[in-house]
Structure formats: structure tokens, C-alpha cells
Amino acid sequence: MKEKELRRSMAVFTIGTVMKLTNLTARQIRYYEEQQIVQPQRTETNRRMYSLSDVDRLLEIKDYLSEGLNIPAIRRIYDEEKQKTAKFPEEKEHHLTDEDVRRILYKEILDASGFNSLDKNTWKR
DNA sequence: ATTCTGACA
DNA sequence: TGTCAGAA
């Protein structure tokens, strides 16, 4: 299943088609890149090229944002995912268990909403 | 015609 | 985030 990963990783979409696929504006797509949460490739002429994975990521970012997460929080999530990938190169699929994601998201949502007065042990687990 | 960067009435 | 300018 390495062939599939390769295809999902190949940058074949222009920002124009990504806009249609994600319903995001070019401004937003470029901004997210600025914030380091998506890293499209560039052509020799400096045009951004996105892969299927990038599109999925953009769609995912849209969800996180609507769930109340801010850019820094989202960046941290992908950074942690990258750290685990580096730690377990073999396990290509489940880098983060559903529980890991829930725990992280719940914490981030509280951070983003400035509701940090609660005891961390209250929603631990 | 499309995309890029930088800037802000 | 929108939008406009000037360049590629």
C-alpha cells in the first residue's frame, strides 16, 4: 500500500482547483501555509501545487477551525503527529489513536476559549 | 487568464 | 479575511 501513499502525496492541483475542492478562498489557503499548517510544493515558476493529502488537510483544518481551535493549536496537532511518525516510521496508519486526538482536541478547545480555570484532572482520560 | 507577494482606505 | 496593485 505504498503506491497509494505515493499518489496521495503527489502535488497535482493548482490553488485554483483546491479552492473549488475546499470552498476556501485563495487568501485563506495561502494564510494557512504562512501559519505552517500546510506545505504545498512549488513549481519552477513559483506556483503552489497541492496533493490529495494537502486537500484533505485543508478540509480537516476547516473542521478544526469550526470546532473552535486556533491556528497555533492546529499547528501543534500536526507537529505532534509528525513527532510520532518519526518515532514509529513503521506504523504508517494509526499515528494517533482516536483517544489521543480527543484528549488533545479537548485541551486545545479549552485553551482557545480561554476556559483554563478548570482543574486539568477534571477532563483527563 | 491565473497566481504570487506585499500592503492596508 | 477581503481586496487591490504590480509582477511573473
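Quantities reported herein were computed from a predicted structural model and do not represent experimental measurements. Order of the sequence lines fixes the chain letters, A, B, ..., with proteins taken first and strands second; residue numbering starts at 1 for each chain.
- Rounded to whole Å, atom C1' of B:dC4 lies 17 Å from atom CD of A:Gln41.
- The residue among A:Thr45 and A:Leu65 whose nearest nucleotide of DNA chain C is located toward the 5' end is A:Leu65.
- In this entry the distance linking NZ of A:Lys20 with P of B:dT2 reads 8 Å, nearest Å.
- Annotation: the span from A:Lys62 atom NZ to A:Asn23 atom CG amounts to 5.0 Å, rounded to 0.5 Å.
- Across every non-hydrogen atom of A:Met49 and A:Asp54, the tightest pair is O-OD2, 4.2 Å.
- Across the protein-nucleic acid pair, A:Arg30 atom CZ and B:dT5 atom P stand 7 Å apart, rounded to whole Å.
- One N or O donor and one acceptor, one from the side chain of A:Arg27 and one from the base of C:dT3, sit under 3.5 Å apart.
- For the atom pair CZ of A:Arg75 and CD1 of A:Ile71, the computed distance is 8.5 Å after rounding to the nearest 0.5 Å.
- Across the strands present, B:dA9 finds no partner; the criterion is a Watson-Crick or G-U wobble pair with both atom distances under 3.5 angstrom.
- As rounded to whole Å, 19 Å separates atom P of C:dA8 from atom CD1 of A:Ile15.
- Checking the phosphate oxygens (OP1, OP2) of B:dT3, a side-chain nitrogen or oxygen of A:Thr14 falls inside 4.0 Å.
- In this structure, the CZ atom of A:Arg42 is 13 Å from the P atom of B:dT3, given to the nearest Å.
- Across the protein-nucleic acid pair, A:Phe13 atom CZ and B:dT3 atom C1' stand 17 Å apart, rounded to whole Å.
- Look at CD on A:Gln28: it is 15 Å from P on B:dC4, rounded to the nearest Å.
- Between the side chains of A:Tyr78 and A:Glu60, at least one donor N or O sits under 3.5 Å from an acceptor N or O.
- If you check B:dT3, C:dG2, B:dT5 against the side chain of A:Arg47, the one that comes closest is B:dT3.
- At least one side-chain nitrogen or oxygen of A:Tyr32 sits closer than 4.0 Å to the OP1 or OP2 atom of C:dT1.
- We find that CE of A:Met49 is positioned 15 Å from P of B:dT2, with the value rounded to whole Å.
- Look at A:Asp100 and A:Arg103 and you find a salt bridge, because one of the NZ, NE, NH1 or NH2 atoms lies within 4.0 Å of a carboxylate O, short of that distance.
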